[in-house]
There are 2 protein chains.
Amino acid sequence: MKRDWLPGKTACDKVRPVQGSLESRVRLLNIKQIRYFASAVAYGSLTAAAKHEYVSVQAISKSLSDLERELGYSLFSRKSHGIAPTAFGNAFLREATSVLKGFERLETFATCWGGGARISG
Amino acid sequence: MKRDWLPGKTACDKVRPVQGSLESRVRLLNIKQIRYFASAVAYGSLTAAAKHEYVSVQAISKSLSDLERELGYSLFSRKSHGIAPTAFGNAFLREATSVLKGFERLETFATCWGGGARISG
DNA sequence: CCCAATTACGAATCTCGTAACTATG
DNA sequence: CATAGTTACGAGATTCGTAATTGGG
């Protein structure tokens with residue numbers, strides 16, 4: 001999540017050079033950040049989220065800090081014993097949840113498909 | 001997308017050791033693969049998709065090959081002048097499109113939010 | 001001191017471009 | 001030969017775990 005640019009006013013409105021001569025559209029968000037965030041809110045702390053996501057607290061902390069920096073808004077306030085989402089965090093969570101649901105549907109769909117063409121090996 | 005395991009019968013049903021002593025749940029899919037796939041179908045070839053996604057054809061080809069391997073199904077057939085989605089590919093695309101829409105909504109939402117708490121710097 | 005989170009740093013992993021190659025027409 | 005895609009390889013970018021540190025209770 002180490003990025004040398006900041007998000008613009010609208011999503012996907014920037015281009016940067018990358019690895020040689022090509023360029024790349026800037027993108028916000030990735031599914032892992034969204035998942036970590038939803039988990040953190042659901043379980044009330046980064047520590048609890050880390051357990052459920054099978055990663056270290058540090059990974060969650062870093063990922064979510066990056067997410068906040070990229071979005072430009074604070075997603076939750078850090079309390080002594082866990083976290084509490086901000087107004088933005090709550091609003092973001094609602095949208096995020098539907099994205100995660102869609103992702104799960106897609107995974108389920110793919111693993112349950114029996115229509116043929118399965119690759120062998 | 002280099003993974004040493006294969007997807008199981010249901011999504012997220014496997015655990016593997018990773019980087020030290022922790023373990024990690026296996027996950028299918030990432031947003032980039034889905035975006036590349038949708039683009040490839042929309043534009044009819046990997047080459048065209050690569051242009052629109054600002055990456056090389058090789059990156060698209062690799063990403064989608066990995067996706068097919070992970071899913072266990074072929075997503076499209078390679079023709080002399082482009083590609084054509086399989087039955088599975090078409091079905092997958094329908095679900096994938098709604099996920100991508102959700103993602104875009106989330107990006108738009110985040111960049112258009114004006115409720116406060118914006119991080120300075 | 002305990003607990004939750006963050007920062008620092010390095011190793012493992014992943015992404016993707018260049019180059020070389022295969023296949024179809 | 002021209003076009004579309006694939007494979008191989010390595011450089012650069014990202015992820016994440018361990019260790020050390022900070023801050024509230």
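All values derive from a computational prediction rather than experimental measurement. Each chain gets a letter, A, B and so on, in the order the sequences are listed, and its residues count up from 1.
Across all strands shown, A:K32 has heavy atoms under 4.0 Å from sugar-phosphate atoms exclusively, and none from any base. B:V57 comes within 4.0 angstrom of a nucleotide base, judged by non-hydrogen atoms across all strands. If you check every strand for non-hydrogen atoms under 4.0 Å, B:I60 touches nothing. No contact: B:S24 has no heavy atom under 4.0 Å from any strand. B:F76 comes within contact range of no nucleotide atom at all, as no heavy-atom separation falls under 4.0 Å.
The distance from atom CG of B:D66 to atom C1' of D:dT7 is 12 Å, rounded to the nearest whole Å. When the P atom of C:dA5 is taken as reference, atom CD of A:E68 falls 12 Å away, rounded to whole Å. If you measure from atom CD1 of A:I31 to atom P of D:dT14, you get 18 Å, rounded to the nearest angstrom. What separates CG of B:L46 from C1' of D:dA4 is a distance of 8 Å, to the nearest Å. In this structure, the CG atom of B:L22 is 18 Å from the P atom of C:dA11, given to the nearest Å. B:L64 has its CG atom 14 Å from the C1' atom of D:dA4, to the nearest Å. Between the CG atom of A:N30 and the C1' atom of D:dT14 there is a distance of 10 Å, rounded to whole Å. Rounding to whole angstrom units, CG of residue A:L67 and P of C:dA5 are separated by 16 Å.
Nearest nucleotide to the side chain of B:Q58, out of C:dT6, D:dA8, D:dG5: D:dA8. The nucleotide whose nearest atom lies closest to any side-chain atom of B:Q19 is, among D:dC16, C:dA5, D:dG5, D:dC16. Distance from the side chain of B:R16 is smallest for C:dC14 among the nucleotides D:dG17, C:dC14, D:dT6. Comparing atom distances between the A:S61 side chain and each of D:dT7, D:dA20, C:dA5 picks out C:dA5 as nearest.
Side-chain contact between B:L64 and B:F76 is present, with at least one heavy-atom pair separated by less than 4.5 Å. Residues B:T97 and B:I34 form no side-chain contact, since every pair of their non-hydrogen atoms from C-beta on lies 4.5 Å or further apart.
The heavy-atom pair separating A:L93 from A:A38 by the smallest distance is CD1-CA, 3.9 Å.
At C:dT6, one or more side-chain N or O atoms of A:R78 fall inside 4.0 Å of OP1 or OP2 (strictly under the cut-off). The side chain of A:S80 places no N or O atom within less than 4.0 Å of a non-bridging phosphate oxygen (OP1 or OP2) of D:dG23. Close to C:dA4, at under 4.0 Å from its OP1 or OP2, lies no side-chain N or O of A:S45. Distances shorter than 4.0 Å separate some side-chain N or O of B:Y36 from OP1 or OP2 on C:dC16.
Screening B:Y73, B:F92, B:Y43 for a ring pair (Phe, Tyr, Trp, His ring centres under 6.0 Å) involving B:F37 leaves a single residue, B:F92.
Residue order along DNA chain D, read from the 5' end via each residue's closest nucleotide, puts B:H81 first among A:S56 and B:H81.
The residues A:E53 and A:K32 are annotated as not salt-bridged, no charged nitrogen and carboxylate oxygen being separated by less than 4.0 angstrom.
Atom OG of A:S56 is separated from atom NZ of A:K62 by 11.5 Å, given to the nearest 0.5 angstrom.
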